[in-house]
Protein chains: 2
Amino acid sequence: MGEPLDVAENSADQATRLIREAILSGQISPGERLKTAELAQRLGFSTMPLREALRKLEGEGLVEIEPNRGATVRKLDRAYISDLFELNTDLRICAVKRAIPLLTLERIRSLEALAQEYRDHIAGGQDLEAIRVNRDFNAKLVEFGGNREALRVFLRGWDIIFAFRRGYGYGTGRRRVMAEEMQLLIEALRRHDAVAAEAILRMQNAAMMEDLVSRIAPEV
Amino acid sequence: MGEPLDVAENSADQATRLIREAILSGQISPGERLKTAELAQRLGFSTMPLREALRKLEGEGLVEIEPNRGATVRKLDRAYISDLFELNTDLRICAVKRAIPLLTLERIRSLEALAQEYRDHIAGGQDLEAIRVNRDFNAKLVEFGGNREALRVFLRGWDIIFAFRRGYGYGTGRRRVMAEEMQLLIEALRRHDAVAAEAILRMQNAAMMEDLVSRIAPEV
DNA sequence: GGAGATAACATTGGATCAAATCATAACGGA
DNA sequence: TCCGTTATGATTTGATCCAATGTTATCTCC
């Protein structure tokens with residue numbers, strides 16, 4: 001997310017970044033224990049920077065620390081993920097509504113370029129690339145709403161959701177539909193049709209939600 | 001926010017809580033430097049827990065840490081605050097829309113009780129109490145939307161906004177209008193009138209935004 | 001054999017220390 | 001007098017140590 005790139009980073013910041021990436025990329029799974037000594041040795045740091053890194057990640061909500069009991073990767077249950085998902089849909093809809101009056105031809109073109117890239121990756125079977133472009137497309141959508149905080153919250157949620165989905169597998173059937181939805185959305189934006197845009201986003205939300213729920217065991 | 005209340009807390013957790021409260025209550029102002037040694041002595045801890053506390057607050061976005069240069073309270077500029085404000089309005093609107101079908105008489109009554117409490121505090125000149133009740137009222141509004149993540153984001157934003165407003169002063173003129181708006185909103189909710197509810201929230205947003213902008217020097 | 005107490009082990013938590021880095025002040029030369 | 005350099009002090013950073021706590025395995029007693 002917003003890691004300082006301007007200067008050489010600390011050991012603590014490096015460790016934070018590495019662990020965050022490991023969590024979000026699925027190398028470490030939710031609920032897994034994070035021991036300072038073990039991580040320190042594996043990453044080549046002392047335990048000190050690790051303690052700071054884990055605290056920072058706790059602040060970000062990715063890690064839970066219980067006193068005298070250590071740190072674990074935050075567990076992702078159905079309620080948490082579906083809340084995040086719903087929140088992100090709300091954020092996209094609100095952002096798009098605000099974005100429409102601000103739309104320029106250049107902005108629409110940049111969305112089209114990403115949609116095209118997405119189709120190409122799907123056609124070429126490059127799944128990981130497609131997922132990345134999908135993220136970029138939606139981030140740009142929210143970005144055009146002009147609210148940095150909304151974008152930050154959105155990206156955080158997106159990354160957590162996808163870390164979760166990585167563990168449970170994606171629905172490959174939705175890939176092509178997604179490409180169509182992107183196109184429909186772009187056309188709605190071109191017409192400055194907020195109602196249609198919202199409808200598309202809500203449909204997408206419903207479909208993805210169904211996909212998610214079908215993959216998760218019912219709430220305990 | 002989500003501090004563990006179940007067990008006795010660490011020095012690090014205690015320090016985190018104390019510093020967060022100091023920031024949000026305005027005892028420490030934005031941009032101010034946070035030296036580990038100084039804080040450690042003042043709070044009666046060693047420097048170690050302080051380092052962890054500052055890292056956690058960095059993760060929460062309240063504190064900024066620059067490598068080899070130390071920690072400072074995050075600066076709150078016009079863009080950041082107005083973004084947070086806009087985001088919170090969006091969150092309230094989306095939450096209310098979802099809350100309406102789920103409304104019970106009991107829920108409406110609990111909102112009414114808070115609105116009444118608010119009026120009483122205003123009448124009695126108890127400003128701080130009124131502010132707290134106002135927070136509770138809006139939190140409940142979002143809570144009824146049934147999305148925990150949305151609530152968490154909302155409360156975080158609310159607290160930061162009010163930490164900022166504390167430094168710049170509140171508009172006392174809006175107090176009574178606010179009480180009326182609460183009542184109007186409750187009536188709209190009773191009628192299950194989502195359009196009216198949204199309109200009220202948007203009006204409120206516009207008024208508060210104007211109030212905020214008038215208090216802040218224009219963006220640099 | 002099973003349940004509870006006890007002991008051994010692993011891990012976290014807090015403190016202290018030395019090195020690295022940054023900020024500030026003093027100094028010297030043009 | 002002003003600017004660049006150097007030296008001093010303050011602060012962060014990383015490392016290591018010991019105590020406190022939690023966990024696990026072992027042993028004893030019923």
Side-chain angles (χ1 to χ4, degrees), chain A residues 2-20 22-23 27-75, chain B residues 2-20 22-23 27-75:
Chain A
E3 222 51 45
L5 303 169
D6 29 325
V7 286
E9 54 180 359
N10 273 347
S11 300
D13 286 326
Q14 281 182 53
T16 308
R17 194 168 40 77
L18 290 172
I19 298 173
R20 183 175 32 228
I23 292 175
Q27 295 167 46
I28 313 179
S29 18
E32 198 166 322
R33 185 106 181 259
L34 297 169
K35 302 175 195 173
T36 54
E38 183 187 321
L39 286 171
Q41 192 180 11
R42 209 167 55 173
L43 300 179
F45 299 122
S46 165
T47 60
M48 266 300 307
L50 264 295
R51 279 159 73 171
E52 295 184 79
L54 292 177
R55 283 291 176 183
K56 180 166 176 181
L57 291 169
E58 186 194 16
E60 292 180 9
L62 281 178
V63 160
E64 287 177 344
I65 299 182
E66 282 181 305
N68 290 321
R69 218 173 278 177
T72 54
V73 180
R74 189 196 161 125
K75 280 190 186 165
Chain B
E3 220 53 45
L5 304 169
D6 29 325
V7 287
E9 54 180 357
N10 272 347
S11 299
D13 285 327
Q14 280 182 53
T16 307
R17 194 167 41 77
L18 289 171
I19 297 173
R20 181 175 31 224
I23 292 175
Q27 293 167 47
I28 313 179
S29 20
E32 199 166 320
R33 183 103 180 260
L34 297 169
K35 302 177 194 173
T36 53
E38 183 186 320
L39 286 171
Q41 192 180 10
R42 210 168 54 172
L43 300 179
F45 298 122
S46 162
T47 61
M48 264 303 305
L50 265 296
R51 278 159 74 171
E52 295 185 78
L54 292 177
R55 282 291 176 186
K56 180 166 177 182
L57 291 170
E58 186 193 18
E60 292 180 9
L62 279 179
V63 161
E64 287 176 343
I65 299 182
E66 282 181 303
N68 291 321
R69 219 172 277 178
T72 54
V73 180
R74 187 202 215 280
K75 281 189 186 166

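None of the values given here were measured: they were computed from a predicted structure. Side chains included, hydrogens not; waters and symmetry mates left out as well; all remaining heavy atoms used. All chains are named by letter (A, B, ...) in the order of the sequence lines, taking the proteins before the strands, and each is independently numbered beginning at 1.
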Peer 1: Using atom names, set out every protein N or O paired with an N or O of nucleotides 20-22 of chain C below 3.5 Å, distance rounded to 0.1 Å.
Peer 2:
residue: C/dT21; atom: O3'; partner: B/Asn68; partner atom: ND2; Å: 3.3

Peer 1: Let's see if you get this right: which residues in residues 30-41 of chain B place a heavy atom under 4.0 Å from DNA chain D?
Peer 2: B/Arg33, B/Leu34, B/Lys35, B/Thr36

Peer 1: When rounded to the nearest 0.5 angstrom, what distance separates CG in B/Asp13 from CD1 in A/Ile65?
Peer 2: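 Output value for this atom pair is 7.5 Å.
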
Peer 1: Can you tell me the distance, in whole Å, between the CZ atom of A/Arg51 and the P atom of C/dT12?
Peer 2: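 In whole Å, C/dT12 P lies 10 Å from A/Arg51 CZ.
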
Peer 1: Which of these nucleotides, D/dG14, C/dT16, C/dG13, is closest to any side-chain atom of B/Thr47?
Peer 2: C/dT16

Peer 1: Could you give the CD-to-P distance, from B/Glu58 to D/dT12, as a whole number of Å?
Peer 2: 14 Å

Peer 1: Take atom CD of A/Glu32 as the centre, draw a 6.0 Å sphere, and report whether it contains more than 12 heavy atoms from other residues, nucleotides or ligands.
Peer 2: yes

Peer 1: Would you mind reading off the distance between A/Glu66 atom CD and D/dT21 atom P, rounded to a whole angstrom?
Peer 2: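 Atom CD in A/Glu66 sits about 16 Å away from atom P in D/dT21.
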
Peer 1: B/Leu50 CG to D/dT13 P: how many Å, rounded?
Peer 2: 13 Å

Peer 1: Expressed in angstrom and rounded to an integer, what is the separation of A/Met48 atom CE from C/dT12 atom P?
Peer 2: 14 Å

Peer 1: Of all the heavy-atom pairs spanning A/Val63 and A/Ile23, show the shortest one and how long it is.
Peer 2: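 Smallest heavy-atom distance, with atoms named: CG2-CD1, 3.9 Å.
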
Peer 1: Find the distance between CG (B/Leu34) and CG (B/Leu57) and round it off to the nearest 0.5 Å.
Peer 2: 8.5 Å

Peer 1: Whole-Å distance between D/dT11 C1' and B/Leu54 CG?
Peer 2: 13 Å

Peer 1: Rounded to the nearest 0.5 Å, what separates atom CZ in B/Arg20 from atom CG in B/Leu18?
Peer 2: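 Between atom CZ of B/Arg20 and atom CG of B/Leu18 there are 10.0 Å.
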
Peer 1: Kindly indicate, with the supporting measurements, whether the criterion side-chain contact (heavy atoms from CB on, under 4.5 Å) is fulfilled by A/Arg33 and A/Glu38.
Peer 2: CA-CA 10 Å; A/Arg33 185 106 181 259; A/Glu38 183 187 321; over 6 Å; no

Peer 1: Using whole Å, what does the distance between atom P of nucleotide D/dT16 and atom CZ of A/Phe45 come to?
Peer 2: 14 Å

Peer 1: Side chains of A/Ile19 and A/Leu50, heavy atoms from C-beta outward: is any pair under 4.5 Å?
Peer 2: yes

Peer 1: Over how many whole Å does the gap from A/Asn10 atom CG to D/dT12 atom P extend?
Peer 2: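 In whole Å, D/dT12 P and A/Asn10 CG are 12 Å from each other.
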
Peer 1: So, A/Glu52 and A/Arg55, do they make that salt bridge, N to O below 4.0 Å?
Peer 2: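 Salt bridge absent between A/Glu52 and A/Arg55.
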
Peer 1: Compare side-chain N and O positions of A/Ser46 against OP1 and OP2 of D/dG14 and report whether any pair is under 4.0 Å apart.
Peer 2: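 Answer no for this pair, as no side-chain N or O of A/Ser46 is under 4.0 Å from OP1 or OP2.
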
Peer 1: Considering only heavy atoms from C-beta outward, does the side chain of B/Thr72 approach that of B/Glu66 to under 4.5 Å?
Peer 2: no

